[in-house]
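Single-structure report; data block below.
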Amino acid sequence: MSDPTIQTFCCRHTGNKEDMAVRIMGEFNTDSYNIVCLVSSTVGILGSLYQISPRLVGTHRMYLATRGQHIIMWLAVADLLASFGVLVRSALWLRFKNIMPMPDDDVSVLFCSIVSAWTQYFYTVTWFWTLFYAIDTWLKIKGRDSHPVLYHSMAWGVPAATTGVGLSILYIPNATCHNLNSVTSALIKVLPNYFATYMPIATVMIVNPIMYLMSSKDIEMAVALPLAQFTSKERRVVDTLRLKFLFINVVFYICWLPNLINGILLWTMWFDMPVKVVIVLWYIMAVVNPMQALFNALVYRKWNSDGRRFLPSFSRVQKEFNFYDEQSPLLGSEPPRLQLSPIVPPSINNYATL
């Protein structure tokens, strides 16, 4: 899981029973928690590989991917690396059983901080790629160009800056973030890392539904315009796209809403912490955070127009109309009833909808 609370466990502590972190750890079964993380991260890795592998069949297919598939591929790569970080951290914690380093334990502090930075960085990257997929889908429906260089610059660069700043303030110079003398020192030392983690999550939760709502409103025009009609066939395509947008948003909320709830509880009820509630949230996060990779592998696959199943490739009927397998990450949809021009009508991620 990726959560600033777990990252504070990388700090040295004195064993003071009044420290809230020590109190929480006293009621926390670290073995069962790490086993849950191992299982969920393994499933996440498999989900990422499932998502990436079709792009790697043949030497040229990755380069022929459409703009939407390009984003999905890099989202899966980031998910894979983040899940791998959770797997390594949990395996070593399960082996050495030293989640909270003692004051003279420099090796555990270094290991914990590096793996925490790795995991937070790549999960932050996944949040940015999730955001850019929604934005790029809307741009494509509007007939506007993609911006892959900008996407890559922000998706890899901004998380590096936020993760580096947040964790540097937390760990430098001596990795002591427990038993701080005042509320002000706690805000200065700990809050930036929470801000760096939760702001991207909250941004995606707010912006993506808006982008998909705007896209849904433009879909009917994009589908009906070529033939100047809107029959049950067009309605099925539109409804399937809207359903897919809904599932993409629901998956993100399932995976990351527990993290936001955990952060709100910690900062509003720190001196009267419901410890059991927090521990339950940690277990939920241990399950759903790495499972994002598997859920993404399901919701970002091509859908058929009745919305009941996922299609890894186009149907035989579509191929008779010379529609290629790598044309769309959104739908494996209806066969066209007439040959569409390459410019008009607009398409969704390089896929003519009808």
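- Not a single donor-acceptor pair under 3.5 Å links the side chain of Asp79 to the backbone N or O of Ile45.
- Looking at Ser113, its side chain does come within 3.5 Å of a backbone N or O of Leu110 through a donor-acceptor pair.
- Here the side chain of Thr126 pairs a donor or acceptor atom with the backbone of Tyr123 at under 3.5 angstrom.
- By the 4.5 Å heavy-atom criterion applied to side chains, Thr124 and Thr197 are not counted as neighbours.
- For the pair Tyr121 (side chain) and Trp156 (backbone), a donor-acceptor distance under 3.5 Å is present.
- Listed by chain and number, the residues in a side-chain contact (heavy atoms from CB on, under 4.5 Å) with Ile264 are Thr268 (sequence neighbours excluded).
- Ser48 places no side-chain N or O within donor-acceptor distance of the main-chain N or O of Ala293, the cut-off being under 3.5 Å.
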Please set out all donor-acceptor pairs under 3.5 angstrom arising from side-chain atoms of residues 200-213, sequence neighbours excluded.
from: Thr203; atom 1: OG1; to: Met199; atom 2: O; distance (Å): 2.7
from: Asn208; atom 1: ND2; to: Thr130; atom 2: O; distance (Å): 3.2

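- Residues satisfying the side-chain contact (heavy atoms from CB on, under 4.5 Å) test with Ser216, not counting sequence neighbours, are Arg242, Phe245.
- Contact annotation: the side chain of Phe132 approaches that of Met154 to within less than 4.5 Å [non-hydrogen atoms, C-beta and beyond].
- Under a hydrophobic-cluster definition in which Ile, Leu, Val, Met, Phe, Trp and Tyr are linked whenever side-chain heavy atoms come within less than 4.5 Å, directly or via other members, Leu150 and Trp138 are assigned to the same cluster.
- In summary, the aromatic rings of Phe122 and Trp118 are positioned with their centroids under 6.0 Å apart.
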Next item on the list: Carefully, step by step, assess Tyr133 and Tyr151 under the rule side chain to side chain contact (heavy atoms under 4.5 Å, CB included).
Entry: CA-CA 9 Å; Tyr133 183 85; Tyr151 297 160; over 6 Å; no

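- Between the side chain of Ser90 and the backbone N or O of Leu87, no donor-acceptor pair lies under 3.5 Å.
- A distance-only check finds a donor-acceptor pair linking the side chain of Thr162 to the backbone of Pro159 [under 3.5 Å].
- Of the possible polar contacts, one joining the Ser41 side chain to the Leu38 backbone as a donor-acceptor pair under 3.5 Å is found.
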